[in-house]
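Have a look at the structure below, then the notes.
Letters go in sequence order (proteins before strands), and every chain restarts at 1.
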Amino acid sequence: MEKVIVVENLTKAFGRFKAVDQISFEVEKGEIFGFLGANGAGKTTAMRMLCGLSIPTSGKALVAGYDIRTQPEMIKKNIGYMSQKFALYEDLTVAENIRFYAGIYQVPEKEIAPRTQKLLERLGLEHEKDSLVKSLPLGWKQKLAFSVAVFHHPGIVFLDEPTGGVDPVTRRQFWEMIYEATDSGITVFVTTHYMDEAEYCDRVSIMVDGKIAALDTPANLKKEFDANNMDEVFYRLARNASRKAD
Amino acid sequence: MISCKNISKKYKKVQALSDISFEVKPGEIFGLIGPDGAGKTTLFRILTTLILADEGVASVDGLDVVNDYKLIRERVGYMPGRFSLYQDLSVEENLNFFATVFNTTVEENYELVRDIYQQIEPFKTRKAGKLSGGMKQKLALSCALIHKPTVLFLDEPTTGVDPVSRKEFWGMLKNLQQQGITILVSTPYMDEASLCDRIALIQKGRLLTIDSPGKIADGFKKTLLSVSAENMSLLLTDLRTIPEVENCYAFGDSHHITLKNRTSRYEQEHSDSKGKKDNEIEFIINDLKVTLEAKNHLNIIIKEIKPGIEDCFMELSKNNL
């Protein structure tokens with residue numbers, strides 16, 4: 001199997017505080033990899049390093065074949081990123097947002113129009129292409145944000161709590177979209193606080209106090225922790241965290 | 001303790017709230033449950049006298065939100081969704097500030113916030129802006145409580161908070177309830193509904209239903225089945241092609257489905273029976289299993305289950321498009 005992410009003893013220290021403490025794992029091509037952890041466990045710091053936005057204190061990682069320490073610019077070109085907090089420019093139209101991201105990611109000029117058309121058709125947004133993004137319902141925004149994040153055909157997309165606050169039906173439609181994307185070979189690295197969504201991942205890692213406390217398929221994790229669901233697995237691992245105040 | 005009658009509010013073209021009516025009883029934990037954009041924050045702002053409704057009347061602790069707004073402000077505690085403390089003041093300074101604004105002292109009401117505040121007291125000289133998310137949340141709650149309010153308004157206190165910290169937070173709310181405080185809390189997490197005495201489900205500015213979580217689940221009149229098999233993704237696609245299946249959604253490790261009214265076929269074949277519901281469900285389950293086996297699914301498990309609040313929300317929201 002082709003490895004899209006390879007992480008070895010990755011560490012980030014802020015002074016004496018080790019936000020991420022020697023984590024190692026691999027993510028395979030086409031996998032949906034769930035990256036869970038309590039607030040303050042080090043998820044965001046780890047994700048920032050993997051996206052080439054923060055230099056590790058020690059250890060190494062390859063993302064899409066590039067070294068996060070020496071080739072961060074190549075990583076940024078070859079990944080997609082979407083978060084719940086910020087994804088699209090509210091004061092630009094749907095079409096303008098797509099055009100903007102296409103430009104940022106240097107999508108070939110002649111590709112932009114056909115890809116845009118395809119995207120709008122798939123989302124049923126043809127009639128909204130000249131609407132300001134702020135006028136769209138949240139569910140549509142999230143789906144558009146995801147489509148924009150993979151518009152330049154990255155090998156891997158990082159999703160940081162993509163479904164926070166989204167209604168139950170839209171949340172599920174969003175995951176169906178993720179499934180479709182992985183069918184075309186893209187790798188998905190996702191964080192969430194919804195434990196039912198952890199079940200939709202091929203494998204799940206759970207960070208506690210800067211370390212990876214568990215990593216396996218949801219089925220195996222439930223077996224290992226003798227739990228009925230992922231919520232129980234998470235609870236068992238995270239309740240003893242010493243960084244609880246975070 | 002809180003009463004809303006026919007509250008409506010419009011922002012330019014957007015109808016944020018339409019004809020909202022409900023009551024919160026003294027000492028209750030009342031949950032306002034719905035996704036972003038449902039109108040939860042607008043309702044909180046009206047009840048805490050920060051904005052005016054276009055239509056309708058509302059009262060808090062017997063006081064009218066328009067005429068008695070000054071008195072209401074003295075009596076309620078409000079924790080907005082966005083962290084709104086002074087980032088440049090320390091933990092301790094923030095708490096003192098809020099106590100002073102309400103003409104009281106930290107010492108006078110310390111008992112009420114002790115359990116919560118003690119967890120952040122070791123960091124009392126740290127600036128609020130430098131706290132972690134969980135600590136900010138505890139400080140904000142302490143500040144909202146320091147004047148001993150009769151009613152506490154908590155707007156999405158657990159959004160973006162991990163499941164373990166969320167459980168802890170709800171533990172704190174239960175303690176506050178025992179001290180006689182009425183709590184109106186909003187959340188987008190449907191699983192928190194069961195921790196409230198009563199809830200209102202809200203979407204697109206309309207209330208879908210108001211009741212205790214148990215009674216709302218009882219109100220789910222359709223048969224709900226959970227279905228799992230080895231290939232869950234394919235199962236979802238296949239279930240949706242079965243004509244009898246009305247709705248099908250992924251729910252963690254199983255899919256939840258409701259069926260179209262198909263009792264007729266069972267009744268045709270069992271016209272003599274007294275329409276025993278259990279037999280009927282067994283019949284449906286077997287039928288479904290056969291259909292899925294024909295589509296080569298392995299390890300099929302089908303069970304009748306009790307609906308959760310999320311099932312109810314999805315069912316009720318279908319009629320609110």
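- Atom CZ of B/Arg206 has 12 or fewer heavy atoms from other residues, nucleotides or ligands within 6.0 Å.
- Residue B/Phe251 touches chain A through both its backbone and its side chain, counting heavy-atom pairs closer than 4.5 Å.
- A 6.0 Å sphere centred on NZ of B/Lys136 holds more than 12 heavy atoms belonging to other residues, nucleotides or ligands.
- Under the 4.5 Å side-chain criterion, counting only non-hydrogen atoms from C-beta, B/Glu310 is in contact with A/Arg172.
- For chain A, the option among B/Ala250, B/Pro188, B/Ser233 with the highest count of heavy-atom pairs below 4.5 Å is B/Ala250.
- Applying a 4.5 Å heavy-atom cutoff, the residues of residues 223-233 of chain A that approach chain B are A/Asn228, A/Asp231.
- For B/Lys13, no part lies under 4.5 angstrom from a heavy atom of chain A.
- In this view, A/Ser131 and A/Glu128 satisfy the side-chain hydrogen bond (donor to acceptor under 3.5 Å, both in side chains) rule, not counting sequence neighbours.
- The NZ atom of A/Lys222 lies 3.5 Å from the CG atom of B/Asp253; values are rounded to the nearest 0.5 Å.
- B/Asp162 contributes atom CG, which lies 11.5 Å from atom OG1 of A/Thr192 (distance to the nearest 0.5 angstrom).
- By the 6.0 Å contact criterion, CD1 on A/Ile55 is open, its count of non-hydrogen atoms from other residues, nucleotides or ligands being 12 or less.
- More than 12 non-hydrogen atoms from other residues, nucleotides or ligands lie less than 6.0 angstrom from NZ of B/Lys222.
- With a 6.0 Å radius and a threshold of 12 heavy atoms from other residues, nucleotides or ligands, B/Lys124 has its NZ atom at or below the threshold.
- Shortest non-hydrogen contact noted between A/Tyr200 and B/Gly252 is OH-N, 3.0 Å.
- The contact list for residues 162-169 of chain A toward chain B, using heavy atoms and a distance under 4.5 Å, reads A/Gly164, A/Gly165, A/Val166, A/Asp167, A/Pro168, A/Val169 by residue number.
- Residues of residues 174-186 of chain A that come closer than 4.5 Å to chain B, counting heavy atoms only, are A/Glu176, A/Tyr179, ordered by residue number.
- With rounding to the nearest 0.5 Å, the separation of OH in A/Tyr194 from CE in B/Met190 is 7.5 Å.
- For B/Leu131, no part sits under 4.5 Å from any heavy atom of chain A, backbone or side chain.
- For B/Arg45, the CZ atom counts as loosely surrounded, since its 6.0 Å shell holds 12 or fewer non-hydrogen atoms of other residues, nucleotides or ligands.
- Heavy atoms from other residues, nucleotides or ligands lying under 6.0 Å from CZ of A/Arg122 number 12 at most.
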